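Got a structure for you, written out below as C-alpha cells; questions coming shortly.
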There are 2 protein chains.
Amino acid sequence: MTVTIYDVAREAGVSMATVSRVVNNNPNVKPQTRKKVYEAIERLGYRPNAVARGLASKKTTTVGVVIPDISNSIFAEVARGIEDIANMYHYNIILCNADKKKDKEIRVINTLLEKQVDGLLFMGGTVTDEHLQAFKTANVPVVLCATTDEKGTIPSVDIDHEAAAYDAVKTLINQGHTKIAMISGTLQDPANGYARFHGYKRALEESGISYDEDLVRIGNYRYESGVEAMKHFLDRSDKPTAVFSATDEMAIGTIHAIQDEGLKVPDDISVISVDNSRMASMVRPQLSAVAQPMYDIGAVSMRLLTKLMKKENVELSKVVLPHEVVARQSVGAKS
Amino acid sequence: MTVTIYDVAREAGVSMATVSRVVNNNPNVKPQTRKKVYEAIERLGYRPNAVARGLASKKTTTVGVVIPDISNSIFAEVARGIEDIANMYHYNIILCNADKKKDKEIRVINTLLEKQVDGLLFMGGTVTDEHLQAFKTANVPVVLCATTDEKGTIPSVDIDHEAAAYDAVKTLINQGHTKIAMISGTLQDPANGYARFHGYKRALEESGISYDEDLVRIGNYRYESGVEAMKHFLDRSDKPTAVFSATDEMAIGTIHAIQDEGLKVPDDISVISVDNSRMASMVRPQLSAVAQPMYDIGAVSMRLLTKLMKKENVELSKVVLPHEVVARQSVGAKS
DNA sequence: CTGTTAGCGCGTTCAA
DNA sequence: TTGAACGCGCTAACAG
C-alpha cells in the first residue's frame, strides 16, 4: 500500500542508503544516480515518512506551543509570529490551548514532550515550581514567550510590563492628570496584572500623587468588564479625569461607558491602555496605547528557540523587547 | 539517557509486552503486575515515546490544520473550536498558516501528510483540482472547514454564504431601503466574496430593485478598506441609505466613515454585515450582523473528522450550519 | 560515491 | 496472564 524508501531503492536499482541521501540532500551522490532516484520517487509517488525519520534521527522538526487561548487576538498575533519563523526554519508547530490553568498546562507540556517535540514555547500564567520541574525533565530547550519566571532560570522573551504601565500612566500625568483610575487584570497574573498595577503605582508615587485604592478595579481583560468598571468610577462624586486600562479591550469598554454617560473622550476623561492591538485604531476616538509588539515577541522567541535547538550558544537568554507609547486621540490635557 | 519501555520492563521484572499493555490500558494484565509496572514507571520517570508508538501503530493522534491566517480573529475562533474538540478526543493539532495561497497550501498539505497526521482539516481559498489531487494521495480523511468545493466530493462544514448575505440585505430591504450599497471581498474568494455578492444581488432582484454596479466596491476585509469604500459612496450626490458589508471589520470602518462625515448610523445610513465577531458589540452603535458560528464550524468539522478517522460511517458529509441575523443598533428604517 | 548493518522505541502477533 | 520475536520506515555509522 504505502511506498517506502525500500521500494524506491529497488525501483532505482540502488540501496536505501542512497535514496536516503538524495532525499536528505546529502551531496555525496553522483548526479546521475540522484537523477535515477528522483525519477523512481516520481514514478512511485514516494512520500518520506517523517515519523520513521523522527524515530531514527531523534528529531521531529516540530515544536510545541502552549498558549492560553488562540481565540484571543493578542495571543493569535504571537502565534502568527511564531509560526512564520518556525516555517522559515522548517519547523511545524503543535498548538495547545491551556487557558492559563496550571493543571492543563502541565498536562499539555507532557503530551507535547511525549510527542518528542524538538523544543517548547510556553505562554501561560504563572510559572510555578511544577512547571519548572516539567521543563527540567524535558530534554529539549524551552523558552517562555510573553511570560517570565521570577527566578529567571528559563530563557524568555517579553516586554517590561511594569515599565510599559509606568510609561502609560506617566503620559497621563504629563498631561496634568492627578486623579487617575486603573482598570487592572487580576493581580494573580504576573504580567498583565501584577506588573502593570505596580507600574501604575510607581508612576503615581514618583509624581507625588497618593495612591487611592478606590481608584482601582479588577477586570477580566474583556470589553464588558471595562464598561462595568468605568460605570463604577462614573458613579463617584469626584470622577477620575483619566483612566489607565491594562488592556485595549477594557479600554474600549471604558471609552464607550464614558460616552454613554454623555461625556467626551478625551475632553472630559482621558483613556490609555497597554496592548495596541489592531482594534485600537478601530474606535472613535482612536485609542492611545503603549504598544506591545506581540508578533515580534512570537517571532523572536521562536528564533531564540531555533538557536537553542541547534545548540548555538546565545549571548542573551532573557530578552526584553522595547515597548513604545503610541499617541492617538484618547488622551488630552486635563482641563 | 532516555528511559524506554525496556528499562521499565527490567525494573518491574516483566517483559516489555506487559509494560506496553499497562500503558495502553489493555485489560489483560493481572492487577498485581499492573501495580508493579506503574511503580517502575513512576520510579524511572518513564514517558512513552509517541513517535515510536506512531511508527509501530501507524497512528499519530495528531491532525493537520491548514488555516489562512491565525491572526485573523475569525479563523482564530474556528481554530479554538477545532482544538477544543481535538483535545476532547485526545488529538493534537499541527497548525499551518497558508494565507489562501495555493502553492503554500499544497506545500503544507504535503508536509502534514509526511508527518503522518491521522486526518486533515482544510480551511483555505478556492479548492482547485490540484488540492483535490493532493487530498486523494493522502490516505487519511480530509474535511473542508469554512470552505466547500464546487464538486462537493470532499466532506465539509460551512454556512450558506449566499443565503447569509441574502438575509442581511433582505433585512435592509424590509426596512424600506432600496438604495443599498455593498462592500464585498474579492470575487475570487468563493465564500466571502462571490457567494455573498450573489446573495446581495439575488435579494435586490427578488425585490424588484435594479442592480447598480456603481454601488459595489471591493475591499480586502479590513477596517481601512471599509472606511475607504464608504468614503467613495459618500462622495456621490445620491448616497446610499444602507450598506451591506461582507465582513464586520469593514462594516466598522463603514460606520466610522459615516460618522466622520457628520452623519448618523442608523438615522442617515444603515449598516449590516456578515460575521458577528466579538467586535460587533464593541462599536457604537453596535453592529447588526448575520452571525456566522465560527467556533461551531471548527468544532463540528473536527468532530466530523474524528468520525471519519474512526471509519464510522457518517450520514451527512456536507454539513451546512445555520446562520442567523442578530439585530443590534446599526440598522434603522429608511427615513 | 555507494552499500550493509544496526538500531531508534514501541505495538502486536503467536505461543506458552 | 505473560513473554519472545518481528517489524514499522528510516538514519547513521562503517566499510568498501
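All chains are named by letter (A, B, ...) in the order of the sequence lines, taking the proteins before the strands, and each is independently numbered beginning at 1. The structure presented is a predicted model; accordingly, all values stated were derived computationally and were not measured.
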Nearest-Å distance, CZ (Arg34(B)) to C1' (dT2(D))?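 Going from Arg34(B) (CZ) to dT2(D) (C1'), I get 13 Å.
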
For DNA chain C, which nucleotides open and close the run of contacts to chain A, 5' to 3', at under 4.0 angstrom from a non-hydrogen atom? dC1(C) to dG9(C)

With sequence neighbours excluded, residues passing salt bridge (Lys or Arg N to Asp or Glu O under 4.0 Å) with Lys102(A):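 Counting only residues at least two positions away or on another chain, Lys102(A) forms a salt bridge (Lys or Arg N to Asp or Glu O under 4.0 Å) with Glu130(A).
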
When the nearest nucleotide of DNA chain D is assigned to Thr18(B) and to Gly54(A) on a heavy-atom basis, which residue is associated with the more 5' position?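 Comparing both residues, the 5'-ward one is Thr18(B).
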
Please list, chain by chain and in numerical order, all residues satisfying side chain to side chain contact (heavy atoms under 4.5 Å, CB included) with Ala138(A), sequence neighbours excluded. Leu113(A), Val140(A)

Can a donor-acceptor pair be found between the side chains of Lys115(A) and Thr60(B) at a distance below 3.5 Å?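 Side-chain D/A pair, Lys115(A) to Thr60(B): absent.
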
Under 4.0 angstrom, heavy atoms only, what part of the nucleic acid is Val23(A) near: base, sugar-phosphate, or nothing? nothing

Among residues 305-312 of chain A, which residues get a heavy atom nearer than 4.0 Å to DNA chain D? none

Validation: residues 67-74 of chain A side-chain donor-acceptor distances under 3.5 Å, sequence neighbours left out:
from	atom 1	to	atom 2	distance (Å)
Asp69(A)	OD1	Ser71(A)	N	2.9
Asp69(A)	OD1	Ser71(A)	OG	2.9
Asp69(A)	OD1	Arg80(B)	NH1	3.1
Asp69(A)	OD2	Ser71(A)	OG	3.0
Asn72(A)	OD1	Ile74(A)	N	2.8

Arg34(A): what forms a side chain to side chain donor-acceptor pair (under 3.5 Å) with it, not counting sequence neighbours? none

Those residues that, when tested against Lys58(B), pass side chain to side chain contact (heavy atoms under 4.5 Å, CB included) (two or more places apart): none

dT2(D) P sits how many Å from Arg21(B) CZ, rounded? 8 Å

Using ring pair (Phe, Tyr, Trp, His ring centres under 6.0 Å) as the criterion, list what pairs up with Tyr194(A), not counting sequence neighbours. His198(A)

Distance-only donor-acceptor check, side chains Asn110(A) and Arg47(B), under 3.5 Å: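 There is such a pair (donor and acceptor under 3.5 Å, judged by atom type) between the side chains of Asn110(A) and Arg47(B).
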
Less than 4.0 angstrom from a charged side-chain N to a carboxylate O is my criterion; do Lys35(B) and Glu39(B) meet it?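 A salt bridge is present here (some side-chain N lies under 4.0 Å from a carboxylate O).
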
Pair Lys136(A) + Asp129(A): basic N to acidic O under 4.0 Å: no

Which residues satisfy the side chain to side chain contact (heavy atoms under 4.5 Å, CB included) test with Val127(A), sequence neighbours excluded?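 So Val127(A) forms a side chain to side chain contact (heavy atoms under 4.5 Å, CB included) with Phe122(A), His131(A), Leu132(A), Phe135(A), Leu144(A), Thr147(A), Asp149(A).
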
Using five pairs at each end of the helix from dC1(C)-dG16(D) to dA16(C)-dT1(D) to define an axis, what is the angle between those two axes, to 10°?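 What I find for the helix from dC1(C)-dG16(D) to dA16(C)-dT1(D) is an axis angle of 30°.
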
Going by the rule side chain to side chain contact (heavy atoms under 4.5 Å, CB included), which residues pair with Gln292(A) if we only count those two or more places apart in sequence or in a different chain?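 Partners of Gln292(A) by the side chain to side chain contact (heavy atoms under 4.5 Å, CB included) criterion, ordered by chain and then number, come out as Ile159(A), His161(A), Arg196(A), Val274(A), Asp275(A), Met294(A).
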
Table of protein N/O atoms under 3.5 Å from nucleotides 8-10 of chain D N/O atoms:
from	atom 1	to	atom 2	distance (Å)
dC8(D)	O3'	Lys58(B)	NZ	3.4
dC8(D)	O2	Ala56(B)	N	3.4
dG9(D)	OP1	Thr2(A)	OG1	3.3
dG9(D)	OP1	Lys58(B)	NZ	2.9
dG9(D)	N2	Ala52(A)	O	3.4
dC10(D)	OP1	Tyr46(A)	OH	2.4
dC10(D)	OP1	Asn49(A)	N	3.2
dC10(D)	OP2	Ile5(A)	N	2.3

Is any side-chain N of the basic residue among Asp189(A) and Lys100(A) closer than 4.0 Å to the acidic one's carboxylate O? yes

Just the rounded figure in Å: distance from P of dC14(D) to CG of Asn28(A).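 Checked: the CG to P distance equals 16 Å.
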
